[in-house]
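Down below is the structure, laid out as structure tokens.
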There are 2 protein chains.
Amino acid sequence: MTKAKPTLATFVSQARGNAGLTLRAVEKETGISNAYLSQLEHGKIQTPAPQNLHKLASLYRVPYEILMQLAGHPIPRPSSDPPPQSVAARIGSVTRDEEDALVEYLQFLRQRKKGR
Amino acid sequence: MTKAKPTLATFVSQARGNAGLTLRAVEKETGISNAYLSQLEHGKIQTPAPQNLHKLASLYRVPYEILMQLAGHPIPRPSSDPPPQSVAARIGSVTRDEEDALVEYLQFLRQRKKGR
DNA sequence: CAGGTCTGCTAAGAATACTTAGCATGACCA
DNA sequence: TGGTCATGCTAAGTATTCTTAGCAGACCTG
């Protein structure tokens, strides 16, 4: 019952194994050097670029989101973001129309400041 | 009425303007150095880390996805092809770790669908 | 003016993603 | 045996993100 969470390294390594591809085959397909792929599968890379994760995801046919998550990258969610602290304090909770008006006002302030 | 397609630099710069924040205020909130923010707003940074884009997105109250897109990072396709059938076809031979990851992914999908 | 603070900017350095070059092992074949 | 290839790995170098340190101008206040 080991629910050991997979690391990015092990996940990518096993995914390649399942696909039955060699490092150099992956290199040929993705343009990512086999040396780098080896390092990646040995956990020596902390945060690979999303671009590369995407290439590997489509090649291995695994969800891109999972690689992103395992890499520690924030995943773009359709759900809205929580209210930001400092800005929230500045503008409080407002309707969308009020927010638009406030944005205009802030732009005006900034513009005037620049004019000086 | 010509809506010029914004670069990441201009977008982030204007977003900060709209929020009425200084570079150092953003630094204080996000932990990203003001020097780097300045470079970012002048187009001297090509692909900022998603982690940093996420911080800026929530602070400026702009969609994270937009920043990702402007930065050239691949974004997960909304719901067009959530479960890759190639993996499903292979499920009989996946490892336990991969199975766990798949379960996580399905939970993520359900939650997202529920979210909005 | 003199001194202080706030703003944005840049030069230089540190950290690290990623590549190039090449080594070691093993399989296959004459 | 000897040769050639395929495979994975590592050392060293390059490129780029991100930080630290500090400068220059604008705005105050005395």
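Reminder, nothing fancy here: chain letters follow the sequence lines and each chain counts from 1.
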Open item on the list: Categorize T22(A) for me: base, sugar-phosphate, or nothing, with a 4.0 angstrom heavy-atom threshold over every strand shown.
Closed with: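 T22(A): backbone/sugar contact only, no base atoms under 4.0 Å.
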
Within the structure provided, determine whether [X] and [Y] are in side-chain contact (heavy-atom separation under 4.5 Å).
X      : Y      : answer
L53(B) : V12(B) : no
R16(B) : L37(B) : no
V26(B) : L56(B) : yes

Using the side-chain heavy atoms of [X], tell me which of these nucleotides is nearest: [options].
X      : options                   : result
N52(A) : dA11(D), dG8(C), dC18(C)  : dC18(C)
I45(A) : dA17(C), dG8(D), dG8(C)   : dA17(C)
Q39(A) : dT10(C), dC9(D), dT19(C)  : dT19(C)
A35(A) : dA17(C), dA21(C), dG8(D)  : dA21(C)
A49(A) : dT20(D), dA11(D), dC18(C) : dC18(C)
L23(A) : dG8(D), dC18(C), dT20(D)  : dG8(D)

Report the distance from atom [atom1] of [X] to atom [atom2] of [N], rounded to the nearest whole Å.
X      : N       : atom1 : atom2 : value
R24(A) : dA21(C) : CZ    : C1'   : 11 Å
H42(A) : dG8(D)  : NE2   : P     : 10 Å
N34(A) : dT20(C) : CG    : P     : 10 Å

Open item on the list: Using modelled atom types and a 3.5 Å cut-off, is there a donor and acceptor pairing between side-chain atoms of H73(A) and backbone atoms of T47(A)?
Closed with: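 No; zero donor-acceptor contacts below 3.5 Å.
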
Task: Non-hydrogen atoms of Y60(A) and A19(A) that approach each other most closely - done: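 Reported closest heavy-atom pair: CD2-CB, 4.2 Å.
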
Are OP1 or OP2 of [N] and a side-chain N or O of [X] less than 4.0 angstrom apart?
X      : N       : result
T47(A) : dA17(C) : yes
R16(A) : dG8(D)  : yes
K44(B) : dT17(D) : no

- [ ] Return the 5'-most residue of the pair L37(B), Y36(A) with respect to DNA chain D, ranking by each residue's nearest nucleotide.
- [x]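 By nearest-heavy-atom nucleotide position, the 5'-most residue is Y36(A).
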
Open item on the list: If you go through the side-chain atoms of E27(A), does one of them form a donor-acceptor pair with the base of dT19(C) closer than 3.5 Å?
Closed with: no

